[in-house]
Visitor: 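So that we are looking at the same thing, I have put the structure below in structure tokens.
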Amino acid sequence: MIKKYLEKDENIIAKIICFILLVFVYNFCMGCSNQIEKNTENDKIGNKYSITDSTGTVINFEKKPEKIVSLSISTDEILIDLVDSKRITAVTYLADDPEISNIVDRVKSIPNRAYGNSAEALLAMHPDIIIAADFF
């Protein structure tokens, strides 16, 4: 069936290449934004640091968060590469499980473990920010 289709349309390869290029250009352009400019503007008006969450809500901080709590293994693994471990107050208890965690040795210096089921326990750590996956 594909052979018949290719015989009918000799320019199919050119069309496929054009389509792939258009998809690439579209994705590239959609990834571009003026977020850096917005953060620079916020710095000028007194907001030292801002974060935009997955819903588009902008959260402004006077300074970068120093007490960070993470509530999922995926955010633990990303966070440990993004910030100094001294700024992380807690990671999930799953970060200590060598069967599922890639960062067991790297989180030993982090003092607390979050279980994610108690708001009181999380707030008792006095975090500047809590990072949770969207399924919480």
Visitor: Just by modelled atom types, is the Asn102 backbone N or O under 3.5 Å from a matching donor or acceptor in the Glu77 side chain?
Guide: yes
Visitor: What pairs with Asp81 under salt bridge (charged side-chain N to carboxylate O under 4.0 Å, His left out), at least two apart in sequence or on another chain?
Guide: Arg106
Visitor: So which atom in Ile129 and which in Phe61 form the shortest heavy-atom distance, rounded to 0.1 Å?
Guide: CD1-CZ, 3.9 Å
Visitor: Applying the 4.5 Å side-chain criterion to the ILVMFWY set and letting contacts propagate, would Val69 and Leu123 be lumped into a single cluster?
Guide: no
Visitor: May I ask you to decide if Pro98's main-chain N or O and Ser101's side chain share a donor-acceptor pair within less than 3.5 Å?
Guide: no
Visitor: Quick check: closest heavy atoms across Ile100 and Ile73, and the distance to 0.1 Å?
Guide: O-CG1, 4.4 Å
Visitor: Does Val104 share a hydrophobic cluster with Ile88, counting links as ILVMFWY side-chain heavy atoms below 4.5 Å and allowing steps through other members?
Guide: no
Visitor: Tell me the closest heavy-atom pair linking Val83 and Arg87, and the distance in Å.
Guide: CG1-NH1, 3.7 Å
Visitor: Is there a side chain to side chain contact (heavy atoms under 4.5 Å, CB included) between Asp96 and Val107 once you walk through the steps?
Guide: CA-CA 7 Å; Asp96 294 321; Val107 297; 3.7 Å; yes
Visitor: For Ser85, check side-chain contact (heavy atoms from CB on, under 4.5 Å) against everything at least two apart and list the hits.
Guide: Ile80, Ser109, Ile110
Visitor: Which ring pair (Phe, Tyr, Trp, His ring centres under 6.0 Å) pairs, counting each pair once, include a residue from residues 67-91, with sequence neighbours left out?
Guide: none
Visitor: Once the angle between the rings of Tyr93 and Tyr115 is folded into 0 to 90°, is it parallel (under 30°), tilted (30 to 60°) or perpendicular (over 60°)?
Guide: parallel
Visitor: Could you measure the distance from the CD1 atom of Ile103 to the CG atom of Asp76? Nearest 0.5 Å is fine.
Guide: 5.0 Å
Visitor: Could you measure the distance from the CZ atom of Arg113 to the OG1 atom of Thr92? Nearest 0.5 Å is fine.
Guide: 9.0 Å
Visitor: So, does Ser118 use its side chain to make a donor-acceptor pair with the main chain of Ala121 at under 3.5 Å?
Guide: yes
Visitor: Any heavy-atom pair between the side chains of Ile68 and Thr89 that's under 4.5 Å?
Guide: no
Visitor: If you round to the nearest 0.5 Å, how far is CD of Glu120 from CE of Met125?
Guide: 12.0 Å
Visitor: Are the side chains of Val91 and Leu79 in contact, using a 4.5 Å heavy-atom criterion?
Guide: no
Visitor: With Asp128, which of Lys67, Glu62, Lys64 fulfils side chain to side chain contact (heavy atoms under 4.5 Å, CB included)?
Guide: Lys67
Visitor: Looking at every non-hydrogen atom in both residues, tell me the closest pair between Leu71 and Ala132 and how far apart they are.
Guide: CD1-CB, 3.9 Å
Visitor: Where do Ser70 and Thr75 come nearest, in terms of heavy atoms and distance?
Guide: OG-OG1, 2.6 Å
Visitor: Distance from Thr52 atom OG1 to Ile59 atom CD1, nearest 0.5 Å?
Guide: 8.5 Å
